[in-house]
Peer 1: 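This structure is in structure tokens; I'll ask about it shortly.
We use all heavy atoms of the structure for the numbers below, so side chains are in, but hydrogens, waters and symmetry mates are not. Throughout, protein chains are lettered first and strands after them, A, B, ... in sequence-line order, and every chain is numbered starting at 1. As the structure is a prediction and not an experimental result, all values here were calculated from the model.
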Amino acid sequence: MTETRVRIAPSPSGNLHIGTARTALFNYLYAKKMGGKFVLRIEDTDAERTEQQYIDNIFDSLKALGLNWDEGPDVGGDYAPYTQSERFDIYPEYAQKLLDAGFAYECYCTPEELEAEKQASQANKVAHVYSGKCENLTEEEKAKLIAEGRKPAIRFSIKKALKAFHETSEITFDDLVKGELKQNGDLIGDFVIMKSNGTPTYNFAVVVDDLLMKITDIIRGEDHISNTFKQILIYEALGVEVPRFGHLGMILAPDRSKLSKRHGATAVSDFIKEGYLIEALVNFVALLGWAPSDGVEIKTVDEIAADFRIAEVSSSNSIFEYDKLNWMNGQYIKKMPLEELLEHAKPFLAEYNLERYTHDELLRILEITREPITLLSELKYDTEYLFNDDIKLDEVSEVLSAEYANDVLSRTLEISEGLDFSSEEPLHEAFANLRGEFKEKGIKPKETMWVIRAATTGRTRGADMCAIIKLLGKDEFTRRIKAAMN
RNA sequence: GCCCCCAUCGUCUAGAGGCCUAGGACAACACCCUUUCACGGUGUAGACAGCGAUUCGAAUUCGCUUGGGGGUACCA
């Protein structure tokens with residue numbers, strides 16, 4: 001048995017997309033499950049669209065997700081370099097092999113000529129296939145075209161490859177997730193493998209790299225199915241073993257269109273900025289197309305990897321809905337150790353003076369505010385009254401204008417006098433008594449607490465009151481009560 | 001236009017001919033718990049796209065239709 005080797009090959013023309021992240025995750029899971037290697041390769045053959053910031057973003061996002069690669073541009077490996085632009089000298093050599101074996105030929109067609117052919121096919125309602133008119137150019141004809149200043153591209157000869165390796169023109173392969181897939185090879189045009197500028201096209205570069213990097217299993221989005229047939233032919237023409245392929249359904253936006261910026265976050269880094277925890281993101285995205293055998297949906301990456309079977313992955317597209325992701329993020333926030341949560345929360349609390357509280361108090365703040373939230377970013381609003389002493393009472397004027405409100409507040413002030421604010425216990429007891437006291441006057445316990453909450457936080461909802469009071473301390477608490485009484 | 005892929009509750013899915021009066025999760029709704037909001041708990045509602053065929057029997061197999069997605073570049 002040869003070692004399983006998979007790869008994720010993003011092209012740095014944008015930040016790491018959530019769809020790419022899922023493909024990376026499934027490759028990673030598959031590698032883990034098979035005890036194989038996970039390789040990262042940067043596909044930057046299109047210099048026009050690649051930017052360093054995107055390369056950085058891809059690295060950072062993948063690392064944040066915990067999808068550590070065994071080989072890649074930064075860590076190296078036996079098959080370096082792992083950046084396509086650094087491999088440009090490799091491709092012509094393989095193109096030449098194809099040329100020599102008769103599986104490729106030079107094409108001198110201009111964009112205009114190509115476009116005209118395409119238009120003609122469209123008009124005739126037939127599949128557009130390049131005519132192959134350059135395949136049989138004589139040396140004189142070539143010389144003449146070169147003299148005109150034309151530079152040739154190199155095309156792959158479908159017909160020759162089909163004839164050499166297939167009994168019929170049908171190309172089939174057994175997809176890891178979709179089963180048998182087929183395509184009539186006659187409908188594939190002779191595609192360009194080397195551009196006239198000497199750089200390889202995507203379909204050629206991937207094959208050369210994947211075979212040189214000894215990739216055994218290629219798991220990618222189903223938008224690559226049509227490429228797969230072309231690539232199989234190249235592998236065969238090069239005389240090497242064809243790897244296994246697995247095509248995943250796409251992730252769609254709620255309106256069933258491609259997930260794009262107008263739907264909100266699309267890059268992993270966007271989600272992190274919005275307050276999603278990577279654990280939740282990874283867990284959620286794994287559930288898009290894959291289901292745990294025991295029905296337990298909240299799982300760590302390791303647990304998922306142990307239970308992962310590529311053949312059981314759904315072959316249909318799935319829609320990215322926030323509801324479940326939000327719920328899951330909330331679950332992770334509730335379960336996360338407080339120390340860890342504090343680290344994740346700090347960026348969202350950057351505007352506040354955290355020095356005001358001790359480390360333990362900060363942990364307590366998170367403990368009492370984490371329950372209802374779904375996103376870390378909500379922490380900013382939900383903890384605001386603990387950091388900002390300027391309490392606005394506009395939103396709670398109704399609560400404070402209740403006839404019993406001033407009674408509650410003055411009694412609160414009275415009982416605060418001899419109260420110990422250094423721990424929550426006595427506060428709980430004191431306010432329980434206060435509730436009892438007012439209950440006898442016909443004021444519901446919740447109404448009593450509402451007044452106190454409104455006065456000290458300017459809100460009608462929030463964390464545990466006694467914990468808040470203890471955190472604020474006697475001076476600040478009574479100051480706020482007094483301020484609200486006016 | 002042509003080619004390919006896909007099709008179970010609103011969403012993610014379980015289901016590989018009888019175990020299905022189709023199960024779970026999120027969302028929705030109701031109730032309970034509660035010092036608020038929430039968390040949690042209990043319950044309700046909610047789907048096999050349509051039509052044919054195969055079979056004693058089909059969500060599960062096959063065909064067609066419809067719908068959705070993808071591809072059709074000297075982009076990746």
Peer 1: Considering every strand shown, what is the Watson-Crick or G-U wobble mate of B/G63 when both distances are under 3.5 Å?
Peer 2: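 Across any shown strand, B/G63 pairs with B/C51.
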Peer 1: Could you give all pairs that pass the side-chain hydrogen bond (donor to acceptor under 3.5 Å, both in side chains) test and reach residues 376-387 of chain A, with sequence neighbours left out?
Peer 2: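 Non-adjacent pairs meeting side-chain hydrogen bond (donor to acceptor under 3.5 Å, both in side chains): A/Glu351-A/Lys380, A/Tyr381-A/Arg459, A/Glu384-A/Arg459.
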Peer 1: Let me have a per-nucleotide readout for nucleotides 58-65 of chain B, 5' to 3', with B, S or -, counting only protein heavy atoms under 4.0 Å.
Peer 2: --------
Peer 1: With a 6.0 Å cut-off (strictly less than), is the heavy-atom count around NZ of A/Lys334, excluding the residue itself, greater than 12?
Peer 2: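 Correct, the count exceeds 12.
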Peer 1: A/Met250 has a side chain; which of B/C3, B/C74, B/G69 sits nearest to it?
Peer 2: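 Selected nucleotide: B/G69.
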Peer 1: Using whole Å, what does the distance between atom C1' of nucleotide B/U36 and atom CD of A/Glu395 come to?
Peer 2: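 Those two atoms, CD and C1', are 15 Å apart.
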Peer 1: Scan A/Cys109 against the nucleic acid and name what it touches under 4.0 Å (heavy atoms): base, sugar-phosphate only, or nothing.
Peer 2: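 If one applies the 4.0 Å heavy-atom cut-off, A/Cys109 turns out to touch a base.
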Peer 1: Could you write nucleotides 5-14 of chain B as a row of B, S and -, 5' to 3', where a protein heavy atom under 4.0 Å of any base atom gives B, of only sugar-phosphate atoms gives S, and otherwise -?
Peer 2: SSS---SBSS
Peer 1: Base, sugar-phosphate alone, or nothing: which one does A/Ser293 contact when heavy atoms must sit under 4.0 Å apart?
Peer 2: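 No contact.
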Peer 1: With a 4.0 Å cut-off on heavy atoms, is A/Asn184 in touch with a base, just the backbone sugar-phosphate, or nothing at all?
Peer 2: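 Since no nucleic acid heavy atom lies under 4.0 Å of A/Asn184, the category is nothing.
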Peer 1: With sequence neighbours left out, what residues match A/Lys474 under side chain to side chain contact (heavy atoms under 4.5 Å, CB included)?
Peer 2: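 Counting only residues at least two positions away or on another chain, A/Lys474 forms a side chain to side chain contact (heavy atoms under 4.5 Å, CB included) with A/Phe421, A/Thr478.
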Peer 1: Apply the test ring-ring contact (aromatic ring centres under 6.0 Å, His included) to residues A/Trp327 and A/Phe284: give CA-CA distance (whole Å), side-chain angles for both, the deciding distance (0.1 Å), then the verdict.
Peer 2: CA-CA 10 Å; A/Trp327 165 77; A/Phe284 174 73; 9.9 Å; no
Peer 1: What pairs with A/Ala21 under side chain to side chain contact (heavy atoms under 4.5 Å, CB included), at least two apart in sequence or on another chain?
Peer 2: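 For A/Ala21, the residues satisfying side chain to side chain contact (heavy atoms under 4.5 Å, CB included) (neighbours in sequence not counted) are A/Leu16, A/Leu65, A/Val268.
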Peer 1: Using whole Å, report how far CD1 of A/Ile55 lies from C1' of B/A76.
Peer 2: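 About 14 Å, once rounded to whole Å.
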Peer 1: For A/Lys118 and B/G1, give me the distance from atom NZ to atom P, rounded to whole Å.
Peer 2: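 It is 15 Å, rounded to the nearest whole Å.
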Peer 1: In the structure I gave you, are the side-chain heavy atoms of A/Gln84 and A/Ile42 within less than 4.5 Å of one another anywhere?
Peer 2: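 No, their side chains stay 4.5 Å or more apart.
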Peer 1: Can you work out whether A/Ser196 or A/Lys125 has the more 5'-proximal nearest nucleotide on RNA chain B?
Peer 2: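 Nearest nucleotide further toward 5': that of A/Lys125.
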Peer 1: Give me the distance, rounded to whole Å, that separates B/U44 from B/A58 when you measure between the C1' atoms they each carry.
Peer 2: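 Approximately 30 Å lies between the C1' atom of B/U44 and that of B/A58.
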Peer 1: To the nearest Å, give me how far apart CD (A/Glu48) and C1' (B/C74) are.
Peer 2: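 One finds 12 Å between C1' of B/C74 and CD of A/Glu48, rounded.
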Peer 1: Rounded to whole angstroms, how far apart are CZ on A/Phe204 and P on B/A76?
Peer 2: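 One finds 13 Å between P of B/A76 and CZ of A/Phe204, rounded.
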Peer 1: Between B/C3 atom P and A/His128 atom NE2, what is the distance in whole Å?
Peer 2: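 After rounding, the reported distance stands at 15 Å.
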Peer 1: Counting only pairs under 3.5 Å, give me each side-chain donor-acceptor contact of residues 193-200 of chain A, with atom names and distances, residues two or more places apart or in other chains.
Peer 2:
unit_1	atom_1	unit_2	atom_2	d
A/Asn197	OD1	A/Thr199	N	2.9
A/Asn197	OD1	A/Thr199	OG1	2.7

Peer 1: In whole Å, what separates the C1' atom of B/C20 from that of B/C48?
Peer 2: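 B/C20 and B/C48 have their C1' atoms separated by 10 Å.
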Peer 1: Just N and O in the side chain of A/Arg459: are any of them under 4.0 Å from OP1 or OP2 of B/U36?
Peer 2: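 Looking at the OP1 and OP2 atoms of B/U36, neither is under 4.0 Å from any side-chain N or O of A/Arg459.
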Peer 1: Provide the distance between the two C1' atoms, one in B/C64 and one in B/A25, to the nearest whole Å.
Peer 2: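 Roughly 35 Å separates the two C1' atoms.
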Peer 1: Between A/Phe320 and A/Tyr322, is the gap from one ring center to the other below 6.0 Å?
Peer 2: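 They qualify: ring centres under 6.0 Å apart.
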Peer 1: Measure from the side chain of A/Lys258, starting at C-beta and using heavy atoms only, and say which of B/G71, B/A76, B/C74 lies closest.
Peer 2: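 Comparing B/G71, B/A76, B/C74 against the side chain of A/Lys258, the answer is B/G71.
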Peer 1: What is the per-nucleotide protein-contact pattern of nucleotides 37-45 of chain B, from the 5' end, where B denotes a base atom under 4.0 Å from a protein heavy atom, S denotes such proximity for sugar-phosphate atoms only, and - denotes neither?
Peer 2: BSSS-----
Peer 1: Of A/Met449 and A/Leu187, whose nearest nucleotide on RNA chain B comes first from the 5' end?
Peer 2: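 First, find each residue's nearest nucleotide; the 5'-ward one identifies A/Leu187.
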Peer 1: Please measure how far the P atom in B/C3 lies from the corresponding atom in B/U65, and state the result in whole Å.
Peer 2: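 Result for the P pair: 12 Å, nearest Å.
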Peer 1: Do we see a donor-acceptor contact under 3.5 Å between the side chains of A/Asp56 and A/Gln52?
Peer 2: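 A/Gln52 and A/Asp56 do have a side-chain donor-acceptor pair below 3.5 Å.
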Peer 1: Expressed as a whole number of Å, how far does the P atom of B/C12 sit from that of B/G17?
Peer 2: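 The answer is 25 Å between these two P atoms.
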Peer 1: Would you tell me if any nitrogen or oxygen in the side chain of A/Ser13 comes within less than 4.0 Å of OP1 or OP2 on B/A76?
Peer 2: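 For A/Ser13, the contact criterion (side-chain N or O under 4.0 Å from OP1 or OP2 of B/A76) is not met.
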Peer 1: Suppose we screen for side chain to side chain contact (heavy atoms under 4.5 Å, CB included). Which residues come up paired with A/Glu447, at least two apart in sequence or across chains?
Peer 2: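 With sequence neighbours excluded, A/Glu447 shows a side chain to side chain contact (heavy atoms under 4.5 Å, CB included) to A/Tyr404, A/Ile443, A/Lys444, given in chain and number order.
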Peer 1: Pull out every residue in residues 407-416 of chain A that has a heavy atom closer than 4.0 Å to any atom of RNA chain B, ordered by number, or say none.
Peer 2: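 Contacting residues: none.
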Peer 1: Please report the distance, rounded to the nearest Å, between NZ in A/Lys230 and P in B/A76.
Peer 2: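 Result: 12 Å.
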Peer 1: Could you tell me the Watson-Crick or G-U partner of B/G43, where both distances fall under 3.5 Å? Say none if there is no partner.
Peer 2: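 By the stated definition (distances under 3.5 Å), B/C29 pairs with B/G43.
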Peer 1: Specify the separation, in whole Å, of atom CD of A/Glu51 and atom P of B/C75.
Peer 2: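 To the nearest whole Å, that distance equals 18 Å.
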Peer 1: For B/C75, what is the paired nucleotide under Watson-Crick or G-U wobble rules, both distances under 3.5 Å?
Peer 2: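 Pairing partner: none.
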Peer 1: Please measure how far the C1' atom in B/G52 lies from the corresponding atom in B/U66, and state the result in whole Å.
Peer 2: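 One C1' to the other, the span is 14 Å.
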Peer 1: Checking only heavy atoms, does the side chain of A/Asn227 share a donor-acceptor pair with the base of B/A76 at less than 3.5 Å?
Peer 2: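 It does, because a donor-acceptor pair links the side chain of A/Asn227 to the base of B/A76 below 3.5 Å.
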Peer 1: For atom P, what is the distance between B/C37 and B/C31, given to the nearest Å?
Peer 2: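 Between the two P atoms, the distance is 13 Å.
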Peer 1: Rounding to an integer number of angstrom, what distance separates B/U60 and B/A49 when you compare their C1' atoms?
Peer 2: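 Nearest-Å result for B/U60 against B/A49 at atom C1': 16 Å.
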Peer 1: For A/His224, which contact category applies under a 4.0 Å heavy-atom criterion: base, sugar-phosphate, or nothing?
Peer 2: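 Base contact.
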Peer 1: In terms of side-chain heavy atoms, does A/Tyr202 have a donor or acceptor partner in A/His224 at a distance below 3.5 Å?
Peer 2: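 Judged by distance alone, the side chains do pair up.
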Peer 1: Identify, with sequence neighbours excluded, every residue that meets side-chain hydrogen bond (donor to acceptor under 3.5 Å, both in side chains) alongside A/Thr457.
Peer 2: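 Applying side-chain hydrogen bond (donor to acceptor under 3.5 Å, both in side chains) to A/Thr457 gives none.
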Peer 1: A/Lys125: which residues meet the salt bridge (charged side-chain N to carboxylate O under 4.0 Å, His left out) condition with it, sequence neighbours left out?
Peer 2: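 With neighbours one apart ignored, the set is empty.
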Peer 1: Distance to the ring centre below 6.0 angstrom and angle to the axis at most 45 degrees; does that hold for A/Lys230 and A/Phe191?
Peer 2: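 Relative to the ring axis of A/Phe191, which defines the angle, A/Lys230 lies inside both limits.
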Peer 1: Which pairs with one or both residues in residues 108-124 of chain A pass side-chain hydrogen bond (donor to acceptor under 3.5 Å, both in side chains), sequence neighbours excluded?
Peer 2: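 Of all non-adjacent pairs touching residues 108-124 of chain A, those that pass side-chain hydrogen bond (donor to acceptor under 3.5 Å, both in side chains) are A/Glu106-A/Tyr108, A/Thr110-A/Glu112, A/Thr110-A/Glu113, A/Glu113-A/Arg150, A/Glu115-A/Gln119, A/Glu117-A/Ser131, A/Ser121-A/His128.
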Peer 1: Does the side chain of A/Ser85 come under 3.5 Å of the side chain of A/Thr83 through a donor N or O and an acceptor N or O?
Peer 2: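 On atom types as modelled, these side chains do not qualify, holding no pair under 3.5 Å.
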Peer 1: According to the Watson-Crick and G-U wobble definitions, with both distances under 3.5 Å, which nucleotide is paired to B/C56?
Peer 2: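 B/C56 is paired with B/G18.
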Peer 1: Cut-off 3.5 Å, side chains only: do A/Asp209 and A/Tyr91 have a donor facing an acceptor?
Peer 2: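 Indeed, the side chains of A/Asp209 and A/Tyr91 share at least one donor-acceptor pair under 3.5 Å.
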